[in-house]
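Written out below as structure tokens is the structure these notes cover.
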2 protein chains.
Amino acid sequence: MKWDDLDAQPCSVARTLAVVGDRWTLMILRDCFLGVQRFDDFQHRLGLSRALLADRLKALTDAGVLERHAYQTRPERFEYRLTPAGIDLHPIMLGLADWGNRHLADDRGAPLLYRHKTCDHDFRPVTTCSHCGEALDARSVAVRPGPGFPDPRAARR
Amino acid sequence: MKWDDLDAQPCSVARTLAVVGDRWTLMILRDCFLGVQRFDDFQHRLGLSRALLADRLKALTDAGVLERHAYQTRPERFEYRLTPAGIDLHPIMLGLADWGNRHLADDRGAPLLYRHKTCDHDFRPVTTCSHCGEALDARSVAVRPGPGFPDPRAARR
DNA sequence: ATTCGTGAGTACAGTTTCGATACCCATATT
DNA sequence: AATATGGGTATCGAAACTGTACTCACGAAT
């Protein structure tokens, strides 16, 4: 399977990764959530090549995750903003940050701290069930592939 | 910045991505959560090259996300299992699947369905505050970079 | 006793992608 | 006129990835 075929898979994880599963894409999105909006700011903060940054920003824009917005004319200058779909990626960012905080923390520098403005406390994200509100753990979740999805064990003869 | 330098960054998102932020790595982990454990099963299901699969499995093992476990001797055969740290990635997988379900659903096939065994209902993952238990949205979260983390706007003069 | 099949890889050539560096263009400032 | 700013392209060598083939250790089938 080629990378470009990922979004043709009948799997939501694969299709999401086809949009945001790139090395740099997720770093760009991290910066978006930190308020970065401009081409050169992304480039200076991330240090990736300008060609690649242009490519990724275009891909994210085409995917509807970012939108390109002119903040001045003559000369035209643009900033990139998260769309509602982009903002919906926030739980994934929180998940990535939380995993890093818990499993990769060390003396190289303090990680990000998140504060819930509503209750004014630092927090860890807890993933809960939308039906009963209970915290989820991997063992209490059953995955049911929809029709057409290859059975996990089908590859074994 | 080179990809290998990511884990030196004082940012938990970057450090997590240094471990799991690769195209194939997240697909491998998706399959792990679906119960796939053996080399050839990964290879058949994902269709990536054997060399790359061997490399990624080794990297995940070295990172403590998977562990390599001999399930027979003569000849030695191994399976790869999620460690507790690997299981902790589950909320991220749920987040990826949920985003795909909501933003990339189409007629190419049914996405994954998740059921909470405890309450026996299909659910969507809801990310909540560990302190007050309320559902989080991006606007109610303030990020406070730890010491040494570059200010989001520092790149702008 | 040879051949076939399985599981878990390694080796290598060819292609694709990426990174570094340089360059372009329109405008504003000195 | 020279320089700075913002947002990009162009080019080329280096690195990563893919496809195909091969290995090795064993077990079963012919």
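We name chains A, B, ... by the order of the sequence lines, and we start the count at 1 in each one.
Rounded to an integer number of Å, the gap from A:Gln37 CD to D:dG6 C1' is 15 Å. Look at CZ on B:Arg23: it is 10 Å from C1' on C:dT16, rounded to the nearest Å. One can place CZ of A:Arg56 at 16 Å from C1' of D:dG8, the figure rounded to the nearest angstrom. Residue A:Gln72 contributes atom CD, which lies 11 Å from atom C1' of C:dA26 at whole-angstrom precision. Taking atom CD on B:Glu76 and atom P on C:dA8, their separation rounds to 11 Å, with Å as the unit. The distance between atom CD of A:Gln43 and atom P of D:dG8, rounded to the nearest whole Å, is 12 Å. In this structure, A:Leu52 places its CG atom 20 Å from P of D:dG13, rounding to the nearest Å. Residue B:Leu53 contributes atom CG, which lies 16 Å from atom C1' of D:dA16 at whole-angstrom precision.
Under 4.0 Å is where a charged nitrogen must lie from a carboxylate oxygen, and between B:Asp40 and B:Arg38 no such pair does.
Looking at B:Arg50, its side chain comes within 3.5 Å of the base of C:dA8 through a donor and an acceptor atom.
Aromatic ring pairs are classed by plane angle as parallel below 30°, tilted from 30° to 60° and perpendicular above 60°; the pair A:Phe33 and A:His90 is tilted.
OP1 or OP2 of D:dG8 sits under 4.0 Å from a side-chain N or O of A:Tyr80. OP1 or OP2 of C:dG19 lies within a sub-4.0 Å distance of a side-chain N or O belonging to A:Trp24. Of the side-chain N and O atoms in B:Arg68, one or more sit less than 4.0 angstrom from OP1 or OP2 of C:dG9.
Of all heavy-atom pairs spanning B:His131 and A:Asp122, the tightest one is CB-O, 4.3 Å.
Heavy atoms from other residues, nucleotides or ligands lying under 6.0 Å from NZ of B:Lys117 number more than 12.
Of the candidate nucleotides D:dT18, D:dG7, C:dC18, D:dG7 has the atom lying nearest to any side-chain atom of A:Arg77. Picking from C:dG7, D:dG6, D:dG8 the nucleotide with the shortest atom distance to the side chain of A:Tyr71 gives D:dG6. Among the nucleotides C:dG9, D:dC17, C:dC18, the one closest to the side chain of A:Asp22 is C:dC18. Minimum atom distance to the side chain of B:Pro75 is reached by D:dA25, of the listed D:dT18, D:dA25, D:dA16. Here the nucleotide nearest the side chain of A:Arg38, chosen from D:dG7, D:dT9, C:dA20, is D:dG7.
In this structure, A:Arg15 CZ and B:Leu96 CG are separated by 13.5 Å, a value rounded to the nearest 0.5 Å.
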Pick out the pairs of N or O atoms, protein on one side and nucleotides 2-5 of chain C on the other, that lie under 3.5 Å.
none

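Residue A:Phe42 is classed as having no contact, given no heavy-atom separation below 4.0 Å to the nucleic acid.
Between B:Asp55 and A:Ala51, the residue anchored closer to the 5' end of DNA chain D is A:Ala51, taking for each the nucleotide with the nearest heavy atom.
No side-chain heavy atom of A:Cys119 sits less than 4.5 Å from a side-chain heavy atom of B:Glu134. Side-chain contact between A:Arg30 and B:Val143 is absent, with no heavy atoms from C-beta onward closer than 4.5 Å.
In this structure, B:Thr83 contributes its side chain and B:Glu67 its backbone to no donor-acceptor pair below 3.5 Å.
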